[in-house]
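Note sheet for the following structure.
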Protein chains: 2
Amino acid sequence: MADGRTGPVHSGENLLFLTDEQLRQGIEAMFFAYRGFTADPDRILADLAYGRAHHRAVHFIKRAPGTTVNNLLSILGVTKQSLNRVLRTLIEDGLVESRVGKLDKRERHLFLTADGEALEQKLSDAQRSRMRMAFREAGPESVAGFRKVLEAMMDPEMRYAYMRLKDTGS
Amino acid sequence: MADGRTGPVHSGENLLFLTDEQLRQGIEAMFFAYRGFTADPDRILADLAYGRAHHRAVHFIKRAPGTTVNNLLSILGVTKQSLNRVLRTLIEDGLVESRVGKLDKRERHLFLTADGEALEQKLSDAQRSRMRMAFREAGPESVAGFRKVLEAMMDPEMRYAYMRLKDTGS
DNA sequence: AGCTTATGTCAGTGTTGTTGACATTCCAAG
DNA sequence: CTTGGAATGTCAACAACACTGACATAAGCT
C-alpha cells in the first residue's frame with residue numbers, strides 16, 4: 001500500500017483495473033457524474049421553492065403509490081422528522097394526498113394528486129433525458145456494466161430496496 | 001411517450017436499454033449507489049465534527065497540492081464563501097496550510113499538513129475499499145462501462161475538470 | 001389494561017449551500 | 001504615477017435540510 005498500488009500481486013490475472021489510481025478515478029467519476037445527475041431537476045425545483053428532498057419523495061411515491069410513511073422512510077434513509085417537513089409542504093400544496101389506512105388506521109398511504117403527477121413528470125423527464133443521452137452515448141454493454149457496478153456499491157439494505165422496486169416496475 | 005416508453009421505433013437496432021423503465025432503474029441505481037458511496041467516509045467524518053464538504057476539499061487538495069482557492073472552487077462547484085468556511089476550519093485545525101502566492105499575492109495556495117494527509121488517507125481508504133469490492137465483483141468490462149456512462153452523464157465543464165485531473169494522475 | 005407500533009409535532013442544533021458587503025492585490029489606461 | 005477596474009479572498013447573515021430528543025395521539029396486540 002505504501003507505493004499507492006493494490007494491483008496484480010497474487011495471480012496471473014489482469015487486475016490493473018483495481019489499482020488505487022483506477023479506484024480514484026472511479027471515485028471522482030461518481031462525484032462529478034452525480035452532480036450532472038441532479039443538476040436538471042435542481043434547476044426546476046429552485047423555481048418552485050422545493051429541494052432535492054421533495055423530488056425524492058415525489059419520485060418514490062410515484063413509483064409505489066399508496067406506500068406508507070414508514071416504508072418511504074426506509075427507502076429514503078432519513079428521519080421521520082425530516083421527511084415529515086417535506087411531506088407536509090407537499091400535502092399543503094396539493095401535490096400529495098395522504099389517506100388513512102383501511103386495515104390499519106394508524107398508517108397513512110401516500111398518493112400523488114394530478115398536480116403531483118405533473119411535477120413528477122416534469123422532473124423525471126429532465127432526469128431521464130440526461131440519462132438517455134448518457135446511455136445512448138455509452139452503448140448497451142456499458143450500461144449493463146454501469147448498473148452492475150452501482151448495484152455492487154450499494155449497502156445491502158439499499159440493494160434489497162432497489163431490487164424490490166426493480167421487480168415491481170418491470 | 002404516453003405509453004411510458006421511448007424504445008425501439010425507428011430502426012432494427014436493439015434499443016431496449018433505452019426504455020423509460022430501464023432509464024428509471026438507472027436513476028434509482030444512481031441514487032442508492034451514491035448513498036453507499038458516501039456512507040463510509042460519512043461515518044468517519046461524523047466523529048470528527050466534519051462533513052462531506054470537508055472531505056471533498058481534502059480530497060482535491062491531495063490530488064492537486066498547491067491549488068488555489070479559485071481553482072478548487074471551479075472543481076467543487078460551490079460559492080467561494082461556502083468553500084471558505086470549510087477551509088477556515090481545516091486551516092484552524094491544522095489539516096490544511098494556506099500559503100500566499102509568490103507571483104500573485106492575491107492567490108492562496110493550499111496544501112495538506114501531515115495531519116491533513118492522515119485524514120485524507122483514512123477517508124480515501126474507506127471509500128476505495130468499497131469501490132474496490134464493487135469493481136472486483138463486477139469485473140473489468142463492467143468497470144469500463146461504468147466509467148463510460150458516468151463520463152457521459154457529466155456536465156461538459158465538469159467533464160473537462162475530470163479529464164484534466166485524470167491526466168494529472170496517471 | 002398495558003405494551004407496542006405508526007405517525008405527527010415542537011424545539012434545538014449542525015452542515016452546507018446561498019447572497020451581500022468589503023478588503024486586498026494586481027494590472028492597465030490615462 | 002495615479003486611479004479605476006478586475007481578480008481573489010474573507011466576514012456576516014440567512015435558508016434548506018439533515019439530525020437528536022421529547023412528547024402526543026391513535027390504533028393494534030396480548
*Atom-to-atom span, CG of B/L83 to P of C/dT16 - whole angstrom*: 11 Å
*Establish, with yes or no, whether the OP1 or OP2 oxygen of C/dT15 is under 4.0 angstrom from a side-chain nitrogen or oxygen of B/R85.*
no
*Can you list, by residue number, the residues of residues 50-59 of chain B that have a non-hydrogen atom closer than 4.0 angstrom to DNA chain C?*
B/G51, B/R52, B/A53, B/H54, B/R56
*CG of A/N71 versus P of C/dT7: gap in Å, rounded?*
9 Å
*Looking at A/N70, does any N or O in its side chain come under 4.0 Å of the phosphate oxygens OP1/OP2 on C/dT5?*
no
*Rounded to the nearest 0.5 Å, what's the gap from CE on B/M131 to CG on B/D40? Could you check?*
10.5 Å
*Restricting to pairs with a member in residues 91-103 of chain B, which pass side chain to side chain donor-acceptor pair (under 3.5 Å), not counting sequence neighbours?*
B/Y50-B/D93, B/E97-B/R99
*For the pair made of CG in B/L48 and P in C/dG14, what is the distance, rounded to whole Å?*
16 Å
*asked:* Can you say whether a donor on the side chain of B/Q81 sits under 3.5 Å from an acceptor on the base of C/dG17, or the other way round?
replied: no
_Candidates A/V96, A/L90, A/L95, A/L119 - the one meeting side chain to side chain contact (heavy atoms under 4.5 Å, CB included) with A/L112_ = A/V96
Could you write out each protein N or O paired with an N or O of nucleotides 22-24 of chain C at a distance under 3.5 Å?
none

*Identify which one of A/K122, A/Q127, A/Q121 satisfies the side chain to side chain contact (heavy atoms under 4.5 Å, CB included) criterion when paired with A/D125.*
A/Q121
*Can you tell me how far the CZ atom of B/F31 sits from the OH atom of A/Y162, to the nearest 0.5 Å?*
13.0 Å
*Can you name the salt bridge (charged side-chain N to carboxylate O under 4.0 Å, His left out) partners of B/E157, sequence neighbours left out?*
none
*Side-chain N or O of B/T79 closer than 4.0 Å to phosphate OP1/OP2 of C/dT18*: yes
*Rounded to the nearest Å, what distance is computed from the CG atom of residue A/D42 to the C1' atom of nucleotide C/dT18?*
14 Å
*For the pair made of CG in A/D104 and C1' in C/dT4, what is the distance, rounded to whole Å?*
12 Å
*If we only count heavy atoms from C-beta on, is the A/R128 to B/R24 side-chain gap below 4.5 Å?*
no
*Could you give the CZ-to-C1' distance, from B/R88 to C/dT15, as a whole number of Å?*
14 Å
*Measure up the A/H55 and A/H59 rings against each other and bin them: parallel (under 30°), tilted (30 to 60°), perpendicular (over 60°).*
perpendicular
*Relative to the 5' end of DNA chain D, which residue comes earlier, A/K105 or A/G77, by the nucleotide with the nearest heavy atom?*
A/G77
*asked:* Can you list everything that forms a salt bridge (charged side-chain N to carboxylate O under 4.0 Å, His left out) with A/R85? Sequence neighbours excluded, please.
replied: none
*Please list, in 5' to 3' order, the outermost nucleotides of DNA chain D lying under 4.0 Å from any heavy atom of chain B.*
D/dA6 to D/dA12
*About how many Å separate CD of A/E117 and CD1 of A/I61, when rounded to the nearest 0.5 Å?*
10.5 Å
*If we only count heavy atoms from C-beta on, is the B/T38 to B/L45 side-chain gap below 4.5 Å?*
no
_Counting the atoms with a prime plus P, OP1 and OP2 as sugar-phosphate, which does A/L103 contact under 4.0 Å by heavy atoms, base, sugar-phosphate, or nothing?_
sugar-phosphate
*Looking at NZ of B/K166 and CD of A/Q22, how far apart are the two atoms once the value is rounded to the nearest 0.5 Å?*
8.5 Å
